[in-house]
Amino acid sequence: MPASLEIRNLCASVGDRPILKNFSLTVPKGEVHAIMGPNGTGKSTLAKVLAGHPDYAVQSGEALVDGETILGLEPDVIARAGLFLAFQYPSEIPGVTIANFIRAALVARQAKGAPFDAKAYYAELYAKMDALKMDRKFTSRFVNEGFSGGEKKRCEILQLMMLRPRYAVLDETDSGLDIDALRIVSEGVNAMRGPDTGFLVITHYQRLLDYIVPDRVHIMWDGRIVHSGGKELALELEEKGYDWVKKELAHA
Amino acid sequence: MSAPAADAGVADPALQRAHEAGAPAWLAEVRRTGREAFASLPMPGRGDERWRFSDVRSLSLEGFAPAPAPSQEDAARLARGSALTADAAATLIFIDGHCVSRPELPESLRRAGVVFAPVEDVVRDRPELLRGEALRPPALLGGGKLLALQRAWFGSGYVLHVPDGIEIPRPLSVVHWALKDGSAALPHALIHVGARARATVHEWRLAAQPDLRTLSVSATDLHAGPGARVERLSVQNWGSAAQSFEIDTVAAAAGAEVLSVNAAVGARRARLENVVRLEGEGADVKLLGIAVATGEQEFDQRTLQVHAAPGARSDLLFKNALLDRARTVFSGLIKVAPGAQRTDAYQTNRNLLLSPEAEADSLPGLEIEANDVKCSHGATTGQVSPDELFYLLSRGIPLPAAQELLAQGFLEEVLTRIGDAGAAEAVRGMLRAKFHS
């Protein structure tokens with residue numbers, strides 16, 4: 001069984017508008033891959049399609065988590081199959097506390113009727129909140145309600161750390177973060193790096209990749225990957241700008 | 001006087017008349033007036049605007065009768081399940097309308113003149129507290145016939161009398177049990193909290209078995225004196241075939257603060273009527289409603305906020321979550337009298353539909369006769385937000401659990417405003433159970 005998040009020739013659209021055009025990419029487990037690209041090129045669509053968002057229609061192609069197909073599955077089934085999406089704009093959930101929310105997500109991964117170890121849960125939750133420098137009082141805050149941009153992203157990483165997916169897609173996790181928050185969030189992700197997890201980091205800016213250093217960098221343009229390289233590709237892109245992609249790579 | 005038929009029910013005039021015999025004259029008068037009004041008033045009909053959207057055709061008082069007093073074993077068994085208000089200062093327990101456990105008030109409160117006792121004891125010991133009952137105003141929101149029935153059977157229920165300046169720090173609890181199938185209970189609660197006095201009352205309406213078919217017609221009159229602070233929580237969790245009617249009034253004097261919370265959980269149909277009068281300057285009344293309606297349940301909520309004095313504030317929030325083929329009706333009116341300048345009055349009804357077959361009707365209204373007021377009303381009915389739902393699903397939470405979590409979150413806005421955390425948790429537990437029935 002291949003230990004990877006594998007996307008093959010994926011074509012997807014919103015309404016009549018094709019967004020992903022023969023998109024292919026493989027993220028082996030244990031590696032961190034970054035996707036960079038200008039706005040409107042389909043990066044966030046990719047994240048949403050993988051997570052099973054109902055607004056996107058898939059025309060063809062495949063997406064596999066460790067060899068098991070996830071396309072066409074319900075979003076909750078995809079999540080339990082081991083794919084986690086850290087949202088660019090996480091929703092506010094009025095009246096639902098962070099503690100209850102993460103607990104429900106963990107209960108959903110247990111065998112039906114199995115007892116839930118609340119003591120161990122809180123011990124782990126508090127430890128991870130401490131690592132992310134989140135006030136423990138946040139457990140009783142309603143999910144994302146009234147959070148700053150940085151607090152929302154920390155809350156996403158907290159969920160990532162608690163749910164331990166096989167693969168995590170981080171959609172523009174750096175947007176709206178100041179340097180301190182960026183560092184803390186990156187440390188959280190880096191702490192999770194290891195042989196059991198693969199990461200797909202979607203970003204517009206090279207800045208995030210100073211903190212989460214990728215194994216591979218891919219440049220996305222018009223719904224597909226047009227160029228791949230090592231971590232130095234991010235620096236090259238930063239230096240030359242997206243016009244370089246447009247001139248040099250888009251027609252490759 | 002003809003003898004009541006063997007299967008005579010609560011609506012039987014002969015049975016009602018028999019209930020007047022032997023009572024003190026003033027009490028017999030309350031009952032007689034009720035009986036006559038009940039006989040003369042029509043059952044609510046489809047043409048009655050105050051019952052609009054209500055399923056009046058299925059409304060029937062047949063087949064319900066006053067039940068005999070419960071056995072000591074039943075009383076002891078149910079008493080053990082009556083500790084819903086942890087840390088209650090005192091608890092009164094009724095079974096099918098019969099008082100089976102009288103509270104022992106702390107000595108200091110008794111000496112201060114606090115009365116917290118079943119109506120039958122007050123009739124005997126402090127009748128002056130009840131004598132005005134013969135003059136009770138009519139039900140304004142459509143429940144006239146039901147209130148008349150309650151009067152015809154007057155004698156169950158309780159009185160809470162808190163003299164001026166007395167503060168009762170811990171909540172008082174009243175637990176009403178339905179035990180016998182087909183039983184009718186018609187309690188009255190008279191809550192009088194004097195000037196600058198303070199009290200909290202929790203009322204729990206519970207069924208000994210989940211599928212009981214019982215009738216409850218209760219009337220509650222709450223008077224908050226000048227500067228008084230009163231909190232009342234009323235939780236209805238009757239059996240699944242029950243019919244429940246609560247006909248309530250709140251009167252708030254100058255500077256009084258009242259928080260009134262109604263939770264609807266059980267019964268086949270349950271109707272709440274609440275008329276709130278802000279009678280003194282600076283009175284502040286908050287009205288909260290919360291319901292989870294499932295199966296074929298109908299919850300019917302009728303409210304009237306009357307601003308009779310200037311500078312008073314009333315704020316209503318009713319939130320209903322609906323599943324299956326359940327229905328809710330909210331009809332609320334804010335009335336501001338000509339002299340009631342600087343009124344702040346708000347009314348909000350929000351309904352969350354979790355099933356395509358559920359139906360929520362909302363009839364908000366304003367009648368303003370003063371010119372310097374802040375009033376607003378709003379009603380929304382909708383489904384869970386697709387973005388919120390996707391967010392929960394994306395964490396691996398299955399659709400039913402995600403919807404339940406969102407619905408509970410929706411209701412939390414009301415639950416967090418219940419002053420007593422333990423009582424709020426008990427209500428939360430009852431509401432949660434409805435998602436798994």
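By convention in this document, chain letters (A, B, ...) are assigned in the order of the sequence lines, proteins followed by strands, and residues within each chain are numbered from 1.
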Just verifying a value: how many Å separate [X] [atom1] and [Y] [atom2], rounded to the nearest 0.5 Å?
X: A:Phe142; Y: B:Thr416; atom1: CZ; atom2: OG1; answer: 5.5 Å
X: B:Ser394; Y: A:Phe84; atom1: OG; atom2: CZ; answer: 7.0 Å
X: B:Gln408; Y: A:Ile93; atom1: CD; atom2: CD1; answer: 13.5 Å

Exercise. Which bit of B:Glu413 comes within less than 4.5 Å of chain A, counting heavy atoms only: side chain, backbone, both or neither?
Worked result: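 The answer is neither part of B:Glu413.
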Exercise. Between B:Leu399 and chain A, which part of the residue has a heavy atom less than 4.5 Å away: side chain, backbone, both or neither?
Worked result: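 For B:Leu399, the contact with chain A is made by the backbone alone.
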For this session: Check whether any side-chain heavy atom of A:Pro94 lies under 4.5 Å from a side-chain heavy atom of B:Phe410, and answer yes or no.
Result: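 No; the side chains remain at least 4.5 Å from each other.
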For this session: Check whether any side-chain heavy atom of B:Pro398 lies under 4.5 Å from a side-chain heavy atom of A:Glu74, and answer yes or no.
Result: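 They are not in contact (no side-chain heavy atoms under 4.5 Å apart), so the answer is no.
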Exercise. Does CD belonging to A:Gln110 count more than 12 external heavy atoms closer than 6.0 Å?
Worked result: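 It does: A:Gln110 CD has more than 12 such atoms within range.
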Problem set entry | Test ring-ring contact (aromatic ring centres under 6.0 Å, His included) applied to A:Tyr89 and B:Tyr391, step by step | CA-CA 10 Å; A:Tyr89 303 111; B:Tyr391 190 65; over 10 Å; no
Side chain / backbone / both / neither for [X] at chain B, heavy atoms under 4.5 Å:
X: A:Val77; value: neither
X: A:Asp55; value: neither
X: A:Pro90; value: both
X: A:Leu163; value: side chain

Exercise. Should A:Asp76 and B:Ile397 be marked as a side chain to side chain contact (heavy atoms under 4.5 Å, CB included) after you check the CA-CA gap, both sets of side-chain angles, and the distance that decides it?
Worked result: CA-CA 6 Å; A:Asp76 60 310; B:Ile397 301 170; 5.8 Å; no
For this session: Under the side chain to side chain contact (heavy atoms under 4.5 Å, CB included) rule, what do B:Phe390 and A:Ser91 come out as? Steps first, then yes or no, please.
Result: CA-CA 9 Å; B:Phe390 178 68; A:Ser91 288; over 6 Å; no
Problem set entry | Distance-minimising heavy-atom pair for A:Ala108 and B:Gly396 |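 It is CB-O, 3.2 Å.
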Exercise. Looking only at heavy atoms, which two atoms of A:Leu85 and B:Arg395 are closest? And how far apart?
Worked result: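 Taking A:Leu85 first and B:Arg395 second, the nearest heavy atoms are O-NH1, 2.6 Å.
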